[in-house]
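Note that the structure is predicted; figures quoted are calculated from it, not measured. Within every chain, numbering begins at 1; the chains are lettered A, B, ... in the order of the sequence lines, protein sequences first and strands thereafter.
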Amino acid sequence: MDFVAIEKKWNEKWEKDNLYKFDENKLDKKFYLLEMFSYPSAASLHLGHWWNFGLSDSFGRFKRLQGYNVFQPMGFDAFGLPAENYALKTGIHPEDSTRRNISLMEKQLKDLGATFNWEYELITCDPEYYRWTQWIFVQLFKKGLAYQKEAPVNFCPKCNTIIANEQVVNGHCERCESEVQHKNMRQWFFKITEYADRLLSGLDKLDWPEKTKILQRNWIGKSVGAEVDFYTEDGLKLTVFTSRADTLFGVSFLVIAPENKLTEKLIKKENRKAVEEYIAQAAKKDEIERTSTTTPKTGVFTGSYVINPLTNEKVPVFVADYVISTYATGIVMGVGAHDERDFDFAKKYGLEIRRVINDKNGKEQPLPFTEYGVLCNSAEFDGLTSAEARTKIVEKLEKIGKGRFKTNYRLRDWSVARQRYWGCPIPIIHCQHCGAVPVPEKDLPVILPHISDYKPEGEGPLGKCDEFMNTTCPVCGRKARREADTMDTFVDSSFYMIRYPESNHNNTCLADKKHANAMLPVDCYVGGVEHATGHLLYSRFITKFLHDLGVIDFDEPAKRLIHQGMILGPDGRKMSKRNGSKTADDYVKEFGSDALRLHMMFSLKYIEGGPWSDDGIKHMKAFMERIERICTKWAGLSGKSAPQTKAEKDLEFALNKALKDVAENMESFSFNVAVARLMELVNAMYKYDTIEEKNIALCKQTMKDLLIMLAPMAPHFAEEMWESVGEKYSIHNQRYPQFDESKLQQDAIEIAVQVNSKIVVRMDIPTNATNEEIVSVVKKNEKVSAVLAGKSVVKEIVVPGRIVNLIVK
RNA sequence: GCUGGUGUGGCGGAAUGGCAGACGCACAGGACUUAAAAUCCUGAGUUCGAAAGGACGUGUGGGUUCGACUCCCACCACCAGCACCA
């Protein structure tokens, strides 16, 4: 069969017939399947795209066969740095290269033969799309959840922009790998921390991989504890956060971060020189050096002392760069007796350690976890568990106004401004009289101007375009300037799944509430695990926000989440141009897209991925040809059906087993097993084919069902065969057949016979035999009776259809 | 360091606590062919044995169980995430 030719033929016909059109009138059976959209790149589709889009499409096709009205939209995450960097290199405007890449990619995605609903296509750089990106910004701003503050930011000197914490990898820019600098700049943030608790609790009800939930939980990093106020002699308040208030009795020093605003006020005259030197040195260190667990902890005494509110003891205050200024209060209490870090620090600077224990080598160690809380010499707290002591201590502090219960999160607010051109403009107008004012909704979208000088110079390039920048204040009408920064592309992608169903509706709202509620959340979202603490967290946040606004009734974007594994180069490393000798296109030309798809499904686990190998791709072609031969032969059969035979029952069994298992394995994305089950069925068909007189009705039924099961995996080939065996177009509109439980019951089944759990013999036992009958038959077996000779059976264990185990003495 | 995950033939990988290695690749043998390819059939965990048959086998060591790849404990290796979060 000429696979390439039939693929072309059917792709054209399917497109002409709009075969996979989403039916807006059947929303009760809708199934929203979404594959994370991609960045429009200039390179042609690589194997990874096929792996992601092609295989999740097979899942969608399977759901279609099950009778679902599958909604599988496709679009492009079109703003972002690559287009801009490419533009700086080549002089081609980002808009032009992006548009060109999109049309190239659309064509190739169509060649996949996937069932995408192109009429709902979204492109994030279209004004009609980013109108809503801006609308969301304005709503966040109005609720106080989008705000500006001077903050230390990660600045990439090469990309010339601020980047999010999530985009910093080991202190380096995720994209260009240059070392990230830390600057204080006035920045736009989204207050995602406001939703920290709900982002955490919402995870429980989601059908998401446990791994991803853990990643998000750790990222949010909830820590329940208390704040405790320590005062200096001068009356300066230093508030610390601790999750172990029960160790307050053991505090022997306080440590403050160098960047903390209060630090300066703590430095005494005679300590000034040493402290300033220390701070200057700390400022030079990069993030890795400061936050590595292996870096020895250093600090310097400020000269100030504070009073422990519980014991009234006087303890010294140190500055140390291991304290993170942005977490909690940026001040930590040191308890040498309890914490290994504090223990080392106390040793180093000769500070008090209340109590130590000796480990098995006689070395001094801080107290183990279980002995927390034992240090107080106060009858009031004696005998309590550490948890009880914690509560009681904080309650006492609350009474005297020097402490309170407090929960902190590791999660920081989302830094969303970028000093780059190719992004969604921030819809804010800065007025000297009115401050930062949101652009009125009727004036959205704020169109990104088509400018030629988009070179980044540390400030938004839009700032150089007066036509864009100069405007009037919507509140007072005086002259004002627009915000020059654009938004992080993760803002664009944080709500696209909500926008898709509306994208071809001419509505004037982000989402028609009734329609959105019927279409969403996404039933199955497929994408890489690398987005666990980025996109997947942001989109949950924005969904919750839109829910609170009343735009939608659901508050999670996707019910079920599947991560594909990554497909690696043959050397086991990340796929690159260097190690991928052939492109997807080469394989399609040589073997056809169905063979490529089948090979990908069969040769690796979808959830785990692994190194790409093309060994066996030609056998997928052979597998299809094997199906073609048997189907062509069986389609031509005619005459009388043969009577019931064992062989016929075997074939019926094989068919129904396949129907059952293929469905189960497709549902769980175990594509490799699903294909294996089909191969078993084909093997069974060949076995049955050796019989002279066949049950023709059964042959034809088996053949048809086989092709339907194959349709999601090899859509073009299955359609071609469907036609050639004389069935009506299209196979993709058929229903996945139900399996017949009764056909899975065999008359006799082979069981293993064990004596003392050791297999002695295997024998066929009638399925309907009782346990007693089975045991009696088994005991009569020659080999079994030989082993049993002279011994008495003390116990008989019968697992029907599986095993008989005779325990003897 | 902490938190997860993974560990099964030469390879990709199967296996609701019940016959480990399904299905396939690579390999070997056979049929067809002048021959090759394709196709069809057969074999194959390792090891001892001519064979019948035996022993050992799911990272290592224990445990629970009539029975463990599967459950529990400890350890080892690799991978990923977080990386002084008080």
In terms of side-chain geometry, is the basic nitrogen of [X] or [Y] positioned less than 4.0 Å from the acidic oxygen of its partner?
{"X": "A:Glu664", "Y": "A:Lys660", "value": "yes"}
{"X": "A:Arg217", "Y": "A:Glu210", "value": "yes"}
{"X": "A:Arg244", "Y": "A:Asp339", "value": "no"}
{"X": "A:Lys297", "Y": "A:Asp344", "value": "no"}

According to a strict under-4.0 Å criterion, is [X] in side-chain N/O contact with OP1 or OP2 of [N]?
{"X": "A:Asn672", "N": "B:rC23", "answer": "no"}
{"X": "A:Ser243", "N": "B:rC85", "answer": "no"}
{"X": "A:Tyr409", "N": "B:rC85", "answer": "no"}
{"X": "A:Lys605", "N": "B:rA14", "answer": "yes"}

Taking the [atom1] atom of each, how far is [N] from [M], in whole Å?
{"N": "B:rG67", "M": "B:rU8", "atom1": "P", "answer": "26 Å"}
{"N": "B:rG21", "M": "B:rG57", "atom1": "C1'", "answer": "11 Å"}
{"N": "B:rU58", "M": "B:rC69", "atom1": "P", "answer": "7 Å"}
{"N": "B:rC71", "M": "B:rC19", "atom1": "P", "answer": "16 Å"}
{"N": "B:rC76", "M": "B:rU39", "atom1": "C1'", "answer": "48 Å"}
{"N": "B:rG5", "M": "B:rU70", "atom1": "P", "answer": "16 Å"}
{"N": "B:rG13", "M": "B:rA37", "atom1": "C1'", "answer": "29 Å"}
{"N": "B:rA74", "M": "B:rA26", "atom1": "C1'", "answer": "39 Å"}

Across the strands shown, which category fits [X] at heavy-atom distances under 4.0 angstrom: base, sugar-phosphate, nothing?
{"X": "A:Lys758", "answer": "sugar-phosphate"}
{"X": "A:Gly801", "answer": "nothing"}
{"X": "A:Glu750", "answer": "base"}

Between [X] ([atom1]) and [N] ([atom2]), how many Å, whole number?
{"X": "A:Asp342", "N": "B:rC85", "atom1": "CG", "atom2": "P", "value": "10 Å"}
{"X": "A:Ile765", "N": "B:rC19", "atom1": "CD1", "atom2": "C1'", "value": "14 Å"}
{"X": "A:Arg802", "N": "B:rG17", "atom1": "CZ", "atom2": "P", "value": "10 Å"}
{"X": "A:Asp615", "N": "B:rC11", "atom1": "CG", "atom2": "P", "value": "13 Å"}
{"X": "A:Met333", "N": "B:rC85", "atom1": "CE", "atom2": "C1'", "value": "14 Å"}
{"X": "A:Trp208", "N": "B:rG4", "atom1": "CH2", "atom2": "C1'", "value": "17 Å"}
{"X": "A:Asp764", "N": "B:rC19", "atom1": "CG", "atom2": "P", "value": "16 Å"}
{"X": "A:Lys657", "N": "B:rA15", "atom1": "NZ", "atom2": "C1'", "value": "11 Å"}

message = Can you tell me if A:Met566 has over 12 outside heavy atoms packed within less than 6.0 Å of its CE?
response =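 Atom CE in A:Met566 is not crowded, with 12 or fewer foreign heavy atoms closer than 6.0 Å.
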List the residues meeting ring-ring contact (aromatic ring centres under 6.0 Å, His included) with [X], not counting sequence neighbours, and say none if there are none.
{"X": "A:His599", "result": "A:Trp612"}
{"X": "A:Phe62", "result": "A:Tyr736"}
{"X": "A:Tyr195", "result": "A:Phe541"}

task = Check whether any side-chain heavy atom of A:Thr239 sits under 4.5 Å from a side-chain heavy atom of A:Val228, and report yes or no.
result =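 Result no, sub-4.5 Å side-chain heavy-atom pair not found.
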message = Need to verify one output field. Residue with the more 5' nearest nucleotide on RNA chain B, A:Asn218 or A:Thr242?
response =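 It is A:Asn218 whose nearest nucleotide is closer to the 5' end.
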task = Please tell me which of A:Ile331 and A:Gly610 maps to the more 5' nucleotide of RNA chain B, matching each residue to the nucleotide holding its nearest heavy atom.
result =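 The residue closer to the strand's 5' end, by nearest nucleotide, is A:Gly610.
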Across all strands shown, which nucleotide pairs with [N] by Watson-Crick or G-U wobble geometry, both distances under 3.5 Å?
{"N": "B:rA50", "value": "none"}
{"N": "B:rA28", "value": "B:rU42"}
{"N": "B:rG67", "value": "none"}
{"N": "B:rG1", "value": "B:rC82"}
{"N": "B:rC75", "value": "B:rG59"}
{"N": "B:rA15", "value": "none"}

key: Distance under 6.0 Å and angle within 45° of ring axis: A:Arg626 vs A:Tyr686   =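 Judged by the rule (NZ or CZ under 6.0 Å from the ring centre, within 45° of its axis), A:Arg626 counts as positioned above A:Tyr686.
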key: A:Arg597 to A:Trp50, cation-pi by 6.0 Å centre distance and 45° axis angle   =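 No, cation not above the ring by the 6.0 Å, 45° rule.
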ask   = Using a cut-off of 4.0 Å between protein heavy atoms and nucleotide atoms, how would you tag nucleotides 36-43 of chain B 5' to 3' with B, S and -?
value = ---SS---
inquiry  = Base contacts versus sugar-phosphate-only contacts with protein, heavy atoms under 4.0 Å: please encode nucleotides 64-71 of chain B as B, S and - from 5' to 3'.
reply    = --BS----
ask   = For the side chain of A:Trp219, counting heavy atoms from C-beta on, which of B:rG18, B:rC82, B:rA86 is nearest?
value =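 So the side chain of A:Trp219 is nearest to B:rC82.
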key: Shortest side-chain distance from A:Ile759, nucleotide among B:rG18, B:rA20, B:rU3   =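 From the listed options, B:rA20 comes nearest.
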Please list, one pair per line, the donor and acceptor atoms closer than 3.5 Å that link side chains of residues 670-679 of chain A to other protein atoms, with sequence neighbours excluded.
from: A:Ser670; atom 1: OG; to: A:Ser668; atom 2: OG; distance (Å): 3.0
from: A:Arg677; atom 1: NE; to: A:Asp661; atom 2: OD2; distance (Å): 3.1
from: A:Arg677; atom 1: NH1; to: A:Glu680; atom 2: OE2; distance (Å): 2.9

request  = Report the glycosidic orientation of B:rG9: syn if within 90° of 0, anti in every other case.
outcome  =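 That one's syn.
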